Asker: 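Sharing a structure, written as structure tokens. Questions coming.
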Amino acid sequence: MRIAVIGNGIVGTATAAWLQRDGHQVMFVDPLGPAEATSFGNAGSLSPSACLPVGMPGMWKKVPGWLLDPLGPLAVRWWYAPVAAPWLLRFLKHSSREEVVRIATALRGLLAPIFDCYEPLLQRANASGLMRRSGCLYVYSGEQAARQWAWGMNLRRSLGVEMRDVAEDELVALEPDLKGRFRFGILAPENGSTLDPAAMTRALFEQCERDGAQVHRARVTGFRVKGGSVHALELEGGEALEVEGVVLAGGAWSARLANQLGPRIPLETQRGYHVTVGSNNLALRHTVMAVEHNLMVNPMQMGLRLAGSVEFAGLSAAPDYRRAAMLLARGKEMFPHLDTSVTSEWMGHRPCLPDSLPVIGRAPRVDNAWFAFGHGHIGMCGAASTGREIAHLVAGRDPEIDLAAFAPTRWAA
């Protein structure tokens, strides 16, 4: 089939690569180049353990306090509050224990095969060196502090995630730079990361081009549908692009197009920030998640990346780089000896649904369009397995994981 993939971030690119393995002719359609949006600056985590939703039991008690702090872990710009409030209420409804178990079970199925799904794509692109499996350390000020998050960690274990307690002496042996600040950790040895998420996305994209993919730098405004199938994309400027199939993988920009092919999907952008310390003088060997700081620290080729925070302000508002400065300040608290003489800041749009589950499946109103968006905080983690499953659906094969929880129709009611 001649299939248009709308979006050339990591999800769209990995999906295109899997479609090409089935012999389809792929066309990328995006006004930006590969990895020029969200996939440029994410934390780079490749974590089978990242199966917990954002909304966890008891979070509703913390949200009001967070919202009163403009630099807290969750912030809403005051003028955007009427838009965000209904979404946040739905989000909190999905934070009960029963819902969290259901969501985590579904996410575990999507994330468990991360490396199996990336490896053939990266090998073909001669880019396997951009992926590493060095493990992730969840670190705490002490064992008593870790007990506050024990329910979620035990849920991960019950779903088959290997999580090993690490006492202070072993923690310092694993990462000497953590000495003095953290006295307890949990090691997820199956986890990994990428040395450069943008470079990894571009490597896969360029291999797709070498394998015959066409590239259209254009914005899709709508679809031409006839006989229950999309036969052309309407592009900004009036041009039409003929297709035999469509995959919508436009991240946070997907809702307007998705709503033309099915019931309204409550997609929101949770804006995330990062600081990359180019002058990094640390010798970290693992990705480090400082749970109490809500901060992920990942050593990369370009420096030490510090990522975290959630902000609601829509797709158009200018970044508030005070939030990036906050991340850097927390990094300095964790590592007082960190050389921060060279830094860069960034903001990107995470595409999020209230239940923390992406949308993966066929578009409800047509028979030749598929949705692959809404991955929230796990886009890099879930991209390759999403691509594999979309390829199965396009080919009419049975999926390898249970996709029921990711159905585009789950919001129809």
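All values below were derived from every heavy atom in this structure, side-chain atoms included, with hydrogens, water molecules and symmetry-related copies excluded. Computed from a prediction, not measured in an experiment: that's the story for all the values here.
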Asker: Can E311 and R350 be counted as an ion pair, charged N to O under 4.0 angstrom?
Answerer: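 Result for this pair is no, no salt bridge flagged.
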Asker: Considering only NZ, NE, NH1 and NH2 on the basic side and carboxylate oxygens on the acidic side, decide whether R183 and E143 come within less than 4.0 Å.
Answerer: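 A salt bridge is absent here (no side-chain N lies under 4.0 Å from a carboxylate O).
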Asker: Heavy-atom distance under 4.5 Å between the side chains of R164 and I186, does that happen here?
Answerer: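 Result no, sub-4.5 Å side-chain heavy-atom pair not found.
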Asker: Between E333 and R330, is the closest basic N to carboxylate O distance under 4.0 Å?
Answerer: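 No.
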Asker: Let's go through L178 and F335 carefully: what are the C-alpha distance in whole Å and the side-chain angles of both, what is the deciding distance for side-chain contact (heavy atoms from CB on, under 4.5 Å) to 0.1 Å, and is it a yes or a no?
Answerer: CA-CA 7 Å; L178 295 175; F335 308 105; 3.6 Å; yes
Asker: Is the shortest distance from a Lys or Arg side-chain nitrogen in R410 or D355 to a carboxylate oxygen in the other one below 4.0 Å?
Answerer: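 D355 and R410: salt-bridged.
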Asker: Sequence neighbours excluded, which residues qualify as side chain to side chain donor-acceptor pair (under 3.5 Å) partners of T386?
Answerer: H375
Asker: Hey, would you say the Y140 and F182 ring centroids sit under 6.0 Å apart?
Answerer: no
Asker: Going by distance alone, is a donor N or O of one side chain under 3.5 Å from an acceptor N or O of the other, for H337 and D177?
Answerer: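 A donor-acceptor contact under 3.5 Å links the two side chains.
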Asker: Before you tell me yes or no, could you show the steps for Q207 and R210 under side-chain hydrogen bond (donor to acceptor under 3.5 Å, both in side chains), namely the whole-Å CA-CA distance, both residues' side-chain angles and the distance that decides it to 0.1 Å?
Answerer: CA-CA 5 Å; Q207 184 60 48; R210 290 191 290 271; 2.7 Å; yes
Asker: Scan side-chain atoms only and decide if R305 and T276 contain a donor-acceptor pair under the 3.5 Å cut-off.
Answerer: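 Yes - a donor-acceptor pair under 3.5 Å links their side chains.
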Asker: Sequence neighbours left out, what pairs pass ring pair (Phe, Tyr, Trp, His ring centres under 6.0 Å) with at least one residue falling in residues 247-272?
Answerer: W253-H349
Asker: Please, which pairs that meet salt bridge (charged side-chain N to carboxylate O under 4.0 Å, His left out) have at least one residue in residues 110-129, sequence neighbours excluded?
Answerer: E119-R133, R124-D211
Asker: Can we say K179 and D169 salt-bridge, meaning some charged N sits less than 4.0 Å from an Asp/Glu carboxylate O?
Answerer: no
Asker: Using 0.5 Å steps for rounding, measure from the CG atom of L261 to the CZ atom of R365.
Answerer: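 L261 CG to R365 CZ: 7.5 Å, rounded to 0.5 Å.
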Asker: If you measure only the distance, is there a donor-acceptor pair under 3.5 Å linking the side chains of E345 and H274?
Answerer: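 Result is no, nothing qualifies.
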Asker: Before accepting this row, confirm whether a basic side-chain N of the pair D196/R132 lies closer than 4.0 Å to the acidic partner's carboxylate O.
Answerer: no
Asker: Please tell me whether W87 and F312 form a close aromatic pair, meaning their ring centres lie under 6.0 Å apart.
Answerer: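 Between F312 and W87, which both carry aromatic rings, the centre distance is below 6.0 Å.
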Asker: Answer yes if the side chains of S49 and S47 hold a donor-acceptor pair under 3.5 Å, and no otherwise.
Answerer: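 S49 vs S47: no donor-acceptor pair found between side chains.
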